[in-house]
**Student:** 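Dumping the structure here so I can ask a few things about it.
Note: hydrogens, waters and symmetry copies are ignored here, and every other heavy atom, side chains too, is used. Sequential numbering from 1 along the given sequence is applied to the chain's residues. Worth saying up front: this structure is predicted, and the values here are computed from it rather than measured.
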Amino acid sequence: MRILCVTQPHSGVGYHRQMLPLSYLKDVTVLFTDFLNDEVLEKGWDIVMCNRFIPGVELNDLIDFRIKYDFKLVVDIDDYWVLDPWHILYENFPTQRIIDHIKAADLVTVTHQTLYYAVKPLNTKVEILPNALPYGEDQFTDERIPVEQMEGKVKDGAVRIVYAGGVTHEKDIELLKNPMKRVASDSWLKDRIHLIMCGFDESNPKTKEVWHRMISSYFCSFKIPGYVRAPLHPTQYMAFYTEADITVAPLVPSMFNACKSNLKVLEAGAKKIPIIVSDTPPYNSCPYTLKVKFQSDWYKFLIQLVKSPKMREDYGHRNNQWCVEKHNLHDWNIARRQMYENIIR
């Protein structure tokens, strides 16, 4: 089987939905490219795959390519194509282009059932391929840096709480604004934690102010000790979690967010660290997370975990076991291969 994968080298979505799983797919020839033209298609491919749509190629041209070179088009969808009105990309998002690619695909793969039912009216040739990780391999080991080795950066004995996310999560991290005010007013708790925000990037003037609002929400205007970390390449980003004892994943309930994947839970599972999540899809179906039903739960769970190393260890271990059993990349690649073989027969 020969697969041409159209993606961007610095794309997190491309990494998890295309580059990572395909690089672990055995006995398959794969070429990763960020463009599509006659020169690359002339090499002959059974499958051309993309996430959402192929930039720089009009759909009519893509269909003509498919007829000319006799390949099957696989479109992977890991997010809903209608954004929330408060989303930073709302005004310029290519919703119709994504819909058109879904309709044209020979196979659409999605991360879970919610997206499956959203896609089904547009294309009945849809299958579920959850996000999955090669646990214990590559950057997905349980290796972490002991806080004692972070002298001068983190107070000895502090419990490190990591938030990892991009600039599109402003509304989500606002959920932590009031809970972190309560943390800041608790001298016992504040003195025993260190907050870390990962992914901070103020190089774009248009998003610089958004990042600073996110920092203010998370660190309570730096009344709580902590620091920010710059983005890492997708092949290295798990290094964020090597500095974590707890991680948090706030999420505003909405159709768009319900269509996201549970990747943050899988990442926490790889590092065997507990994760506190909003009690909303996609996180509410993950059994070994601490689920926030009320805003006061953020503070409640944080103080419980900070006080109890055993609780942190237990939640981290049980989530790891669940993730390895349900979201192991090698297992899901068996299904992935079968889906691909079915469409090229």
**Student:** When you group the ILVMFWY residues by side-chain heavy-atom contacts below 4.5 Å and let the links chain together, are Phe53 and Leu107 in the same group?
**Tutor:** no
**Student:** Report yes or no: does Arg52 contribute a side-chain atom to a donor-acceptor pair with the main-chain N or O of Asp79 at less than 3.5 Å?
**Tutor:** no
**Student:** Please confirm whether the ring centroid of His194 lies under 6.0 Å from the ring centroid of Tyr227.
**Tutor:** yes
**Student:** Quick one: is the NZ or CZ of Lys307 closer than 6.0 Å to the six-membered ring centre of Trp188, and within 45° of its axis?
**Tutor:** yes
**Student:** Are the side chain of Asn262 and the backbone N or O of Val265 linked by a donor-acceptor pair below 3.5 Å?
**Tutor:** no
**Student:** From the options Arg318, His317, Lys310, select the one residue that forms a side chain to side chain donor-acceptor pair (under 3.5 Å) with Asp314.
**Tutor:** Lys310
**Student:** Considering only distance and modelled atom types, tabulate donor-acceptor pairs under 3.5 Å from the side chains of residues 244-253, sequence neighbours left out.
**Tutor:**
residue	atom	partner	partner atom	Å
Asp245	OD1	Arg160	NH2	3.0
Asp245	OD2	Arg160	N	2.7
Asp245	OD2	Arg160	NE	2.9
Thr247	OG1	Val162	O	2.9

**Student:** Which donor-acceptor pairs under 3.5 Å do the side chains of residues 145-157 make with protein atoms, sequence neighbours left out?
**Tutor:**
residue	atom	partner	partner atom	Å
Lys153	NZ	Glu243	OE2	3.4
Lys155	NZ	Asp191	OD1	2.9
Lys155	NZ	Asp191	OD2	3.3

**Student:** Check whether the side chains of Gln321 and Tyr288 place a donor and an acceptor atom closer than 3.5 Å, and report yes or no.
**Tutor:** no
**Student:** According to the interplanar angle, ranging from 0 to 90°, do the rings of Phe200 and His212 count as parallel (below 30°), tilted (30 to 60°) or perpendicular (above 60°)?
**Tutor:** perpendicular
**Student:** Relative to Phe71, does Arg66 satisfy both conditions: NZ or CZ under 6.0 angstrom from the six-membered ring centre, and within 45 degrees of the ring's axis?
**Tutor:** no
**Student:** Is the side chain of Arg192 donor-acceptor paired with the backbone N or O of Ala158 at a distance under 3.5 Å, no angle test?
**Tutor:** no
**Student:** Classify the ring geometry of His327 against Trp322: parallel below 30°, tilted from 30° to 60°, perpendicular beyond 60°.
**Tutor:** tilted
**Student:** Is a side-chain donor or acceptor of Asn320 paired with a backbone partner of Lys272 at a separation under 3.5 angstrom?
**Tutor:** no
**Student:** Between His112 and Tyr117, is the ring centroid distance below 6.0 Å?
**Tutor:** no
